[in-house]
Amino acid sequence: MNRILEDVIHKNAATVERITSENTAGYVVADNTANAVAETSFDNTGAQAIVKHLHGVLVTSCQSVIRDLDPTNKLCFLRVATRKFEYLVAPEEYFTITVVQ
Amino acid sequence: MSAEIEEILKRYSNYPNVSGIIIVDAFAIPIKTTMEYTLTVHYAALANNLLAKGSKMVQKLDSSNELTALRLRTLNHELMIVPEENFFIVVVQKPCE
């Protein structure tokens with residue numbers, strides 16, 4: 001499972017470069033099954049753990065809202081706008097990517 | 001207060017991609033809507049719940065920060081939930097691409 005993740009991350013190195021060179025504060029890639037952080041550009045582990053929390057509660061509840069409204073639909077992307085930042089969350093099949101900008 | 005609500009509704013209905021607008025008050029009761037009633041109530045309850053969770057999350061992450069909007073993009077449409085002071089707005093729109 002981790003190998004798949006590493007593979008994907010290596011392949012998308014160029015994309016990661018592009019994302020980090022723009023207006024972002026950082027990103028976190030987490031794998032869904034273990035609910036653990038796979039890769040991040042943030043320095044403090046406290047922030048990583050908190051973003052994990054965000055994934056766990058908010059993303060899953062958003063997904064369940066979407067499925068509740070229409071069982072064929074699914075969540076593709078989630079943007080949480082706050083006063084200071086915007087969190088862009090992209091849940092995939094095996095992992096979830098969050099970018100803070 | 002209802003004049004400002006009317007104004008918001010009018011402003012949002014001018015966008016071409018919008019398929020529905022719901023204005024929900026602080027008790028999760030829909031005040032104004034452009035969609036059918038049962039669906040509206042459904043959206044209102046779910047959006048209220050989501051907003052509560054979302055704002056709690058943001059507060060936990062950074063206590064000086066606060067949630068300003070939540071955008072859920074799905075296959076078929078894009079759902080935007082915006083909390084205001086006394087109420088919140090749910091807009092359903094067709095995605096641009």
Side-chain angles (χ1 to χ4, degrees), chain A residues 23-30 35 37 40-93 96-101, chain B residues 17 19-22 24 28 30 33 35-85 88-97:
Chain A
N23 219 359
T24 60
Y27 66 94
V28 179
V29 180
N35 237 6
V37 175
T40 175
S41 76
F42 284 118
D43 21 290
N44 38 351
T45 50
Q48 291 184 26
I50 294 171
V51 173
K52 272 320 24 300
H53 201 59
L54 187 85
H55 280 177
V57 180
L58 197 58
V59 170
T60 47
S61 46
C62 287
Q63 272 173 346
S64 65
V65 165
I66 301 290
R67 293 252 175 76
D68 195 7
L69 289 166
D70 180 5
T72 59
N73 212 354
K74 70 173 181 127
L75 183 68
C76 298
F77 201 67
L78 175 63
R79 277 171 107 159
V80 184
T82 69
R83 267 205 261 127
K84 293 187 188 173
F85 309 117
E86 191 169 356
Y87 297 89
L88 312 169
V89 184
E92 307 269 333
E93 218 182 309
T96 304
I97 310 170
T98 307
V99 177
V100 183
Q101 70 176 16
Chain B
N17 274 337
S19 22
I21 310 166
I22 308 172
V24 187
T33 174
M35 310 195 286
E36 59 140 350
Y37 193 64
T38 46
L39 196 60
T40 300
V41 171
H42 204 174
Y43 269 108
L46 294 170
N48 192 23
N49 199 7
L50 262 188
L51 264 185
K53 285 207 176 118
S55 55
K56 201 169 64 133
M57 282 295 107
V58 171
Q59 289 277 318
K60 264 196 196 173
L61 274 172
D62 181 3
S63 50
S64 58
N65 212 355
E66 29 176 84
L67 187 68
T68 56
L70 210 58
R71 284 170 97 162
L72 282 73
R73 201 231 190 265
T74 73
L75 292 175
N76 311 332
H77 50 253
E78 188 167 355
L79 187 66
M80 293 196 295
I81 311 175
V82 179
E84 302 275 337
E85 268 177 70
F88 52 96
I89 306 170
V90 180
V91 179
V92 182
Q93 67 179 20
K94 298 189 284 284
C96 321
E97 66 267 282

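This structure is a prediction, so every number in the text was calculated from the model and none was measured. So that the names make sense, note that chain A is the first sequence line, chain B the second, and so on, each numbered from 1.
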- Message: What's the separation between atom CG in B/L70 and atom CZ in A/R79, rounded to the nearest 0.5 Å?
- Response: 11.5 Å
- Task: Applying side chain to side chain contact (heavy atoms under 4.5 Å, CB included), run through A/T82 and B/E66 and close with a yes or a no.
- Result: CA-CA 5 Å; A/T82 69; B/E66 29 176 84; over 6 Å; no
- Message: If I compare all heavy atoms of A/R83 with all of B/N65, which pair ends up nearest, and what's the gap?
- Response: N-OD1, 3.3 Å
- Query: A/L78 versus B/R71: any side-chain heavy-atom pair under 4.5 Å?
  - Reply: no
- Rounded to the nearest 0.5 Å, how far does CD1 of B/I81 lie from SG of A/C62? 7.0 Å
- Within the side chain of B/T68, is there an N or O that forms a donor-acceptor pair under 3.5 Å with the backbone of A/A81? yes
- Answer with side chain, backbone, both or neither: which region of A/D68 has an atom nearer than 4.5 Å to a non-hydrogen atom of chain B? both
Pairs of donor and acceptor atoms involving the side chains of residues 47-58 of chain B, under 3.5 Å and at least two apart or interchain, shall be tabulated with distances.
residue, atom, partner, partner atom, Å
B/S55, OG, B/L51, O, 3.0
B/S55, OG, B/A52, O, 3.2

- Message: A/N73 and side chain to side chain contact (heavy atoms under 4.5 Å, CB included): which single residue from B/L79, B/L72, B/N76 fits?
- Response: B/N76
- Message: Taking side chain as everything from C-beta outward and backbone as N, CA, C, O, which of these in A/I66 sits under 4.5 Å from a heavy atom of chain B? Side chain, backbone, both or neither.
- Response: side chain
- Message: How long is the straight-line distance from CG of A/L58 back to CG of B/L67, given to the nearest 0.5 Å?
- Response: 8.5 Å
